[in-house]
Amino acid sequence: MTKEMNVESFNLDHTKVKAPYVRLAGVKEGTNGDKILKYDIRFCQPNKEHMDMPALHSLEHMMAEFSRNHSDKIVDISPMGCQTGYYIAVINHDDYEDILTIIEKTLKDVLEATEVPACNEVQCGWAASHSLEGAKDIARNMLAKRNEWTEVFA
């Protein structure tokens, strides 16, 4: 038995999941009743494949920018260090189906994009590391499997 860890995803058996998927990874409640919900958006099968860093970076910029056109509940979208997915945090929004819709609309926006937002040295810490086409490929592959997003385990 593996030792219980403080980080939720470290307690997830990555050999049992089946990417792509979107799963609720945690809920934190504030002292005033606000709830932050964190979702695991897994694009790649853990330990079998990963996103190329320039493409992951560009997709991060686009998802962070475009998702906010579809919801005012977005707190943050952050890439996973393992390069297999992202976390999306929302506030006071526990409608899983709507989260899926927000992600779908955001990825469709990526396919329509003609440039990566904030892809310059003033607004980005590593502006040389981007790939618009790579980000579009990742989005296209994820959208092609939209009907699988609710199935987390093989």
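Computed from heavy atoms alone, side chains included, the values below leave out hydrogens, waters and symmetry copies.
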Side-chain donor/acceptor of [X] to backbone N/O of [Y], under 3.5 Å:
X	Y	value
H70	I102	no
H14	L12	yes
N120	V122	yes
S58	S131	yes
Q45	A19	yes

Salt bridge (Lys or Arg N to Asp or Glu O under 4.0 Å) against [X], all qualifying residues, sequence neighbours excluded:
X	answer
D13	K16
R68	none
K18	E148, E151
E115	none

Using the rule given for side-chain hydrogen bond (donor to acceptor under 3.5 Å, both in side chains), can you reason through T150 versus Y96, listing the C-alpha separation, both sets of side-chain angles and the distance that settles it, and then say yes or no?
CA-CA 9 Å; T150 60; Y96 177 72; 5.3 Å; no
Before accepting this row, confirm whether a basic side-chain N of the pair E112/K108 lies closer than 4.0 Å to the acidic partner's carboxylate O.
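So E112 does not pair with K108 through a salt bridge.
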For M51 and T84, run side-chain contact (heavy atoms from CB on, under 4.5 Å): C-alpha distance rounded to whole Å, both residues' side-chain angles, the deciding distance at 0.1 Å, then the answer.
CA-CA 6 Å; M51 291 177 271; T84 63; 5.5 Å; no
What pairs of residues pass the side-chain hydrogen bond (donor to acceptor under 3.5 Å, both in side chains) test when at least one of them lies in residues 132-144, not counting sequence neighbours?
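For residues 132-144: D137-R140.
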Might you confirm whether atom CD of E29 has over 12 heavy atoms from other residues, nucleotides or ligands at distances under 6.0 Å?
yes
Steps toward side-chain contact (heavy atoms from CB on, under 4.5 Å) verdict (Y86, L56):
CA-CA 9 Å; Y86 298 82; L56 175 143; 3.6 Å; yes
Verify side-chain contact (heavy atoms from CB on, under 4.5 Å) between D40 and I88, making sure each step is shown before the conclusion.
CA-CA 7 Å; D40 169 347; I88 181 171; over 6 Å; no
Given the rule in the side-chain hydrogen bond (donor to acceptor under 3.5 Å, both in side chains) test, do E8 and N11 qualify, once you have shown the distances and angles that lead to the verdict?
CA-CA 5 Å; E8 185 275 342; N11 296 311; over 6 Å; no
Please find the pair of heavy atoms, one from [X] and one from [Y], that lie closest to each other, and give the distance.
X	Y	answer
C124	A118	CB-O, 3.3 Å
C119	H61	N-ND1, 4.4 Å
G33	N92	O-OD1, 4.2 Å
M63	S67	O-OG, 2.7 Å

d(R23 CZ, F153 CZ) to nearest 0.5 Å is 6.5 Å
State the NZ-CG distance between K28 and D34, to the nearest 0.5 angstrom.
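CG of D34 is found 15.0 Å from NZ of K28.
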After noting the C-alpha distance and the side-chain angles of V27 and I36, does the key distance pass the side-chain contact (heavy atoms from CB on, under 4.5 Å) rule?
CA-CA 6 Å; V27 179; I36 301 287; over 6 Å; no
Are R42 and P20 side-chain neighbours, meaning at least one heavy-atom pair lies under 4.5 Å?
no
With D94, which residues qualify under side chain to side chain donor-acceptor pair (under 3.5 Å), at least two apart?
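Partners of D94 by the side chain to side chain donor-acceptor pair (under 3.5 Å) criterion come out as none, since no residue qualifies.
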